[in-house]
2 protein chains.
Amino acid sequence: MKLDDAAAHLEALGNPTRLKIYRALIRAGGAGLAVGRLQEKLKIAPSTLSHHIKALVVVGLVTQVRDATTLICHANYEVMRELVGFLVAECCTESAEPTDTKTAA
Amino acid sequence: MKLDDAAAHLEALGNPTRLKIYRALIRAGGAGLAVGRLQEKLKIAPSTLSHHIKALVVVGLVTQVRDATTLICHANYEVMRELVGFLVAECCTESAEPTDTKTAA
DNA sequence: ACGGTATTTCTAGAATGATCGAAACAGACC
DNA sequence: GGTCTGTTTCGATCATTCTAGAAATACCGT
């Protein structure tokens, strides 16, 4: 994962509302959670919720599957794992000075 | 770590410039890195850099120690570990439905 | 096709953030 | 005290984000 991608993911999660959305989806497990259920749970305006979900979908942290009229949202574990992997590899270990060809800037 | 704190930390890291700053500090290891060195490395205006460093300091991801006229910045590993811990515990495991007294909202 | 539920898009306003130059401040050194 | 280097604050500008109401769209059941 590249730094800019990681930053984009972190930014997506760096909003309390979106982090709550994401956490709710994680807790929902493999079954996922419909947008409407999220709306009930989190008590935010549908348009606001849609806006935030979109932000999560764009960066790949959340995926959606249509089930009739309802849209089921799923947390994408793989992307989160990549993100955590990036943090651990590049931001938790002192010896993280890699091939410094053009990494600094 | 509470959700709002985690979101604040994620937001602080969710900016390419700040993530670069943080990563540079990690790579600098225990010795840390002076603001001026960061400025040379990242090639951004001093005022902008100061602005971003402050954001990282406020949430505790970075600490500063004065060495004469230069300010040495250090990455705070402990805070990062807590953040990663939060992500892994609350956002990576399906069975993360805790005492749901007032967690949803 | 109509009606109903689910969700998004549009639009807009307030708030916040990023950026940077100029000026101010902090501390060391002569 | 003056001066030099290092860093922050101030002030301004431009862009983005958050929020949500209203309208539009999507899809199902009849």
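What you are looking at is a predicted structure, and each value in this text was computed from that prediction instead of being measured. Lettering follows sequence order; numbering is per chain, from 1.
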Nearest to the side chain of [X], which nucleotide is it out of [options]?
{"X": "A:Val35", "options": "D:dT19, C:dT8, C:dG27", "value": "C:dT8"}
{"X": "B:Lys54", "options": "D:dT9, D:dT19, D:dT7", "value": "D:dT9"}
{"X": "A:Thr69", "options": "D:dT9, C:dT5, C:dA26", "value": "C:dT5"}
{"X": "A:Ser47", "options": "C:dG21, C:dC10, D:dT7", "value": "C:dC10"}
{"X": "B:Arg66", "options": "C:dA18, D:dT8, C:dG27", "value": "C:dG27"}
{"X": "B:Ala34", "options": "D:dT9, D:dT7, C:dC10", "value": "D:dT7"}

Would you say [N] has OP1 or OP2 under 4.0 Å from some side-chain N or O of [X]?
{"X": "A:Ser50", "N": "C:dT8", "answer": "yes"}
{"X": "A:Asn15", "N": "D:dC18", "answer": "yes"}
{"X": "B:His51", "N": "D:dT7", "answer": "no"}

[X] [atom1] - [N] [atom2] separation (whole Å):
{"X": "B:Leu38", "N": "D:dT7", "atom1": "CG", "atom2": "P", "answer": "9 Å"}
{"X": "A:Ile72", "N": "C:dA6", "atom1": "CD1", "atom2": "P", "answer": "11 Å"}
{"X": "A:Leu13", "N": "D:dT17", "atom1": "CG", "atom2": "P", "answer": "15 Å"}
{"X": "A:Ile53", "N": "D:dT19", "atom1": "CD1", "atom2": "P", "answer": "13 Å"}

